[in-house]
S.K.: 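Following this message is one structure expressed as structure tokens.
Only heavy atoms go into these numbers, but all of them, side chains included; no hydrogens, no water, no symmetry mates. Since the model is a prediction, treat every value here as computed from it, not as a measurement.
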Amino acid sequence: MYSVRRLAAAIACPALMVSAAACTPDTSRQDSKPPSANPSDSASGSKAGALRPSDAIGRLKVAREARVGYERDKFRLWIDADHDGCDNRKEVLLAEAVKKPRQGAGCKLTGGSWRSYYDDKTVTDARKLDIDHVVPLAEAWDSGASKWTPKRREQYANDLDNRTKGDKDPGEWMPPAKDATCTYATDWVAAKLRWKLTADAVEVKALRTVAAGCGDATVTFTPAP
């Protein structure tokens, strides 16, 4: 499956992504990333602020991770938050399309095309697309979501502001498309800061290694309500 980048950071292209992602390019970033569905603010909530990647990484709380008790069903996915007949998967497909699909009864989508953010490929069949959380559900569980209420986990899972590249963190996986590396890393940090999730030592080391080569990239985020 390809991946459209767009949930649970997104807010950074949202926290969810079409694996075959396609947000409008953000010229303020070093690489060709789709911008956040919900433009992120600084840690203080001020839209004027932007953190250097190294400073943003320094704000992450470092802690060990544990996957005890994780089940995907503990995160309720694909709700129709605005009651318009389209669940969040289809909302992402509509928002991330390079060529908009036709929208029929029951929000059935036909046609359209998407750009796969992680591997830089174009996809024309929505059935071949995954919607990626910037920080996967299992990783979120490991780094703090296990202590959340079911409602809070639902909010995270459907945050149009973060399926996943597996459940790996940056210490274990980086996008095949080299141009996506800096965007992926900065979005990852933004998602973790937005939701006050922790990071383990290996993850932080990998993020710092990537950040060192990201030039004038910045990290912005809005704390989750």
Side-chain angles (χ1 to χ4, degrees), residues 1-40 52-54 56-57 89 92-101 112-140 159-192 199 202-221:
M1 296 290 281
Y2 296 102
S3 182
V4 177
R5 147 181 212 299
R6 186 118 158 146
L7 282 176
I11 298 179
C13 188
L16 287 180
M17 323 175 331
V18 182
S19 276
C23 298
T24 304
D26 181 350
T27 56
S28 69
R29 300 290 183 88
Q30 182 175 350
D31 51 17
S32 59
K33 124 179 197 170
S36 189
N38 296 313
S40 310
R52 292 182 301 177
S54 59
I57 294 168
R89 172 184 164 79
V92 171
L93 291 171
L94 287 166
E96 301 298 325
V98 173
K99 177 183 177 182
K100 294 291 184 183
S113 64
W114 295 262
R115 176 177 165 268
S116 181
Y117 169 67
Y118 291 141
D119 47 22
D120 195 23
K121 295 182 183 297
T122 297
V123 178
T124 57
D125 185 349
R127 294 172 298 180
K128 294 182 178 179
L129 293 170
D130 275 338
I131 305 300
D132 277 359
H133 288 80
V134 172
V135 176
L137 302 183
E139 169 68 20
D159 183 6
L160 291 180
D161 231 12
N162 157 18
R163 228 164 75 141
T164 69
K165 336 143 266 295
D167 296 324
K168 299 176 181 178
D169 67 27
E172 304 167 307
W173 185 90
M174 281 289 168
K178 297 300 183 183
D179 288 346
T181 302
C182 286
T183 295
Y184 168 66
T186 53
D187 283 353
W188 182 280
V189 176
K192 288 227 159 177
V202 173
E203 176 185 343
V204 168
K205 181 179 179 180
L207 288 168
R208 288 197 181 282
T209 298
V210 173
C214 289
D216 59 358
T218 59
V219 176
T220 57
F221 68 98

S.K.: For the residue pair V189 and A56, what are the closest heavy atoms and their distance?
M.R.: CG1-CB, 3.7 Å

S.K.: Rounded to the nearest 0.5 Å, what separation is found between the CZ atom of R52 and the OG1 atom of T186?
M.R.: 15.0 Å

S.K.: Just how far is it from atom CD of E172 to atom CD of E203, taken to the nearest 0.5 Å?
M.R.: 9.0 Å

S.K.: Kindly give the heavy-atom pair with the smallest separation between C182 and G213, and that separation in Å.
M.R.: SG-O, 4.1 Å

S.K.: Please determine which of T209, T181, L207, V135 meets the side chain to side chain contact (heavy atoms under 4.5 Å, CB included) test together with P170.
M.R.: L207

S.K.: By side chain to side chain donor-acceptor pair (under 3.5 Å), which residues pair with R208, not counting sequence neighbours?
M.R.: none

S.K.: Taking all non-hydrogen atoms of both residues into account, name the closest pair between W173 and P176 and its distance.
M.R.: CZ2-CD, 3.9 Å

S.K.: Over all heavy atoms of both residues, which pair between P101 and W114 is shortest? Give the atoms and the distance, please.
M.R.: CG-CZ2, 4.0 Å

S.K.: How close do S113 and T124 get, counting heavy atoms only, and between which atoms?
M.R.: CB-CG2, 3.9 Å

S.K.: Nearest 0.5 Å please: distance from the OG atom of S116 over to the CD atom of E96.
M.R.: 11.5 Å

S.K.: Can you confirm whether more than 12 heavy atoms, excluding those of K100, are under 6.0 Å from its NZ atom?
M.R.: yes

S.K.: Kindly indicate, with the supporting measurements, whether the criterion side-chain contact (heavy atoms from CB on, under 4.5 Å) is fulfilled by L129 and L93.
M.R.: CA-CA 9 Å; L129 293 170; L93 291 171; 3.6 Å; yes

S.K.: Can you give me the closest heavy-atom contact between A206 and G171, atom names plus distance?
M.R.: CB-CA, 3.6 Å

S.K.: Using 0.5 Å steps for rounding, measure from the OG1 atom of T183 to the CH2 atom of W188.
M.R.: 15.0 Å

